[in-house]
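What follows is one structure encoded as structure tokens, with my remarks underneath.
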Amino acid sequence: MSASLATAANAKPSLDTTAAISVKDMRKCFGDHEVLKGISLEAHKGDVISILGSSGSGKSTLLRCINLLETPDSGEVRVDGELIRMKQSRDGHQTPADIHQVERIRADLAMVFQSFNLWSHMTVLENLVAAPVHVLKRPRAECLEQAEALLKRVGIWERRNYYPPHMSGGQQQRAAIARALAMNPKVMLFDEPTSALDPELVGEVLRVMRSLAEEGRTMLVVTHEMGFARDVSSKVMFLHKGEVDSLGEPKEMFARPPTQQFKQFITNFNK
Amino acid sequence: MEFFGSLLEQLSTAYDLLAAGWGVQLLWGIGWTLAVTTVSMVIGAVLGSLVAAAKLSHRGGLRFLGESYTTVFRGEPELLVIYLFYYGGTQVLTGMARSAGSIGSTDILNMPSFLGGVLAVGIISGAYQAEVFRGSFLAIHRGELEAARAYGMSTFLRFRLVIMPQVLRLAVPGLGNVWQLTIKDSALISVTGVAELMLTANKAARSTHHSLLFYTVAGILYLVMTSVSTPIFDKAERYTSRSFTRPK
């Protein structure tokens, strides 16, 4: 895949000035350990932001705080301009003020997990229609039709009646991406989607993700795939010890690492 | 030769006794035993899931109540719990009825024997089922629960679409075990006067003086009930775990 194609797709001018996702000064501690030390991030429609960082840098926690799988200690999250309202609980922690709002917003932020997390008692097709039918309350027939089309797109339509444990990791992850697409999400969150895969299966998943980027999907991707970060994403964010170390255009970042930390990080990776 | 002669004689006596009406009574006994066991299992399933939920709760108070329930009812002799519910229940009911003036001051209002019995056995069964449900819940892959949250499912939807089907799948082998325990516990209900298999065998043994015969027959019938249930639960297990075992 040539880099120019990806750039052309990402260069689409964004007329919408509201950020699809905006995170302001997010902090999160686990016990005494401060994992996120005030992170801000903005993703506009069509942005593909790769979030890089060594293990323990807080990149997965950042993603999980955006859809409130983890509750941030402080900071703001806005999705399409809408602020996720928080309140102070009795023990001094923040909790969501309105769980229904959180559930509604989560449905707009489909997540793809490192370990796939398909529902193992449902067939692939059932996995794809469960949330659209029950959460979005769309007609079942319509959801099934869309699910079949999505499975064709990710290349596992023949496996639609399989149970996830009977499929390879790469097939499961492609099914999980199709499940995310079935929500017609505003933003897709990828949490190390290729890290649990055997090396020979990484390619098939990356190809699907690349095609999503090319059609202008808004994506936040926590990853260790340097090739994807450099060639496909529109922005690269490098986290170091819970802070944004550097942020910028991928070509520029990789050609001239702006910080010593980032330079070190990519050097270690290329070893 | 003499031994076989006497065995034949025994068998023909046995046949006569069973044909004379004890056979039908024993069949009724089986019916009542299955009824007691089934109703107790259902009571136990309701209590067991509530207790399991309490034990898994974030609230310390609920956890304490759940822990106490399973500790007490798994730790006490079953017979004691049955006495407690039947005779204790009778005492409480009588006291309430007397103070309400609906019965005379010397009358006694008995706890209905079936109700007292199935409550006691159901509560014990619930303590064991609670442990089965709790273990099953903990065996669900955490990521699947997380995915359900991440896709906007409410607590109720998560329970209905993801937790319940998987808990049932994982609980089948354990429930088969509890079912066998409950069949055996149901024999203890005979002390309250429910005409289940044990009580019927007792009655037959006492009034005919053929203890060996009737207890042996009852023993065989219990064994038939417990062993017939094994392949049924096996089949249920194969069905509910098809997503893991069936190669396509």
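Every chain is numbered from 1, with letters handed out A, B, ... down the list of sequences. Worth knowing before you read on, the calculation uses all heavy atoms, side chains too, and leaves out hydrogens, waters and symmetry mates.
Few gaps surround CZ on B/Arg142; more than 12 heavy atoms of other groups in view lie less than 6.0 Å from it. Taking a 6.0 Å sphere around CH2 of B/Trp179, one finds it holds more than 12 heavy atoms contributed by other residues, nucleotides or ligands. Sparse packing is recorded around CD of A/Glu145, with 12 or fewer heavy atoms of other residues, nucleotides or ligands lying under 6.0 Å away. Counting non-hydrogen atoms of other residues, nucleotides and ligands closer than 6.0 Å to CD of A/Gln101 gives a total above 12. Shown here is B/Lys235, whose NZ atom has no more than 12 heavy atoms of other residues, nucleotides or ligands within 6.0 Å. No more than 12 heavy-atom neighbours from other residues, nucleotides or ligands sit within 6.0 angstrom of OH on B/Tyr239.
Taking CD from B/Glu146 and CZ from A/Phe113, the interatomic distance works out to 5.5 Å, rounded to the nearest 0.5 Å. For the atom pair B/His141 NE2 and A/Ser120 OG, the distance stands at 8.0 Å (nearest 0.5 Å). We find the CG-CH2 distance between B/Leu145 and A/Trp119 to be 10.5 Å, quoted to the nearest 0.5 Å.
Heavy-atom distances place no part of A/Leu189 under 4.5 Å from chain B, backbone and side chain included. In this structure, chain B has a heavy atom under 4.5 Å from the backbone of A/Ala176, while its side chain stays farther away. When heavy atoms are compared at a cutoff of 4.5 Å, A/Leu136 does not approach chain B at all. Only the backbone of A/Leu118 comes within less than 4.5 Å of a heavy atom in chain B; its side chain stays farther off. For a residue to count as touching a neighbouring chain, one of its non-hydrogen atoms must lie under 4.5 Å from one of that chain's; by this rule A/Met111 touches chain B with backbone and side chain alike. Neither the backbone nor the side chain of A/Arg104 comes within less than 4.5 Å of any heavy atom of chain B.
Chain B forms the most heavy-atom pairs under 4.5 Å with one residue out of A/Ala180, A/Pro164, A/Ala130, A/Ser115, and that residue is A/Ala180. Taking chain B as the reference chain and counting heavy-atom pairs below 4.5 Å, the highest number among A/Asn67, A/Leu69, A/Ile105 is found for A/Leu69.
The two residues A/His166 and B/Arg242 come nearest to each other via the heavy atoms CE1-O, 3.8 Å.
Contacts of residues 147-162 of chain B with chain A at a heavy-atom distance below 4.5 Å involve B/Ala147, B/Ala148, B/Arg149, B/Ala150, B/Tyr151, B/Gly152, B/Met153, B/Ser154, B/Thr155, B/Leu157, B/Arg160, B/Leu161, B/Val162, listed in sequence order.
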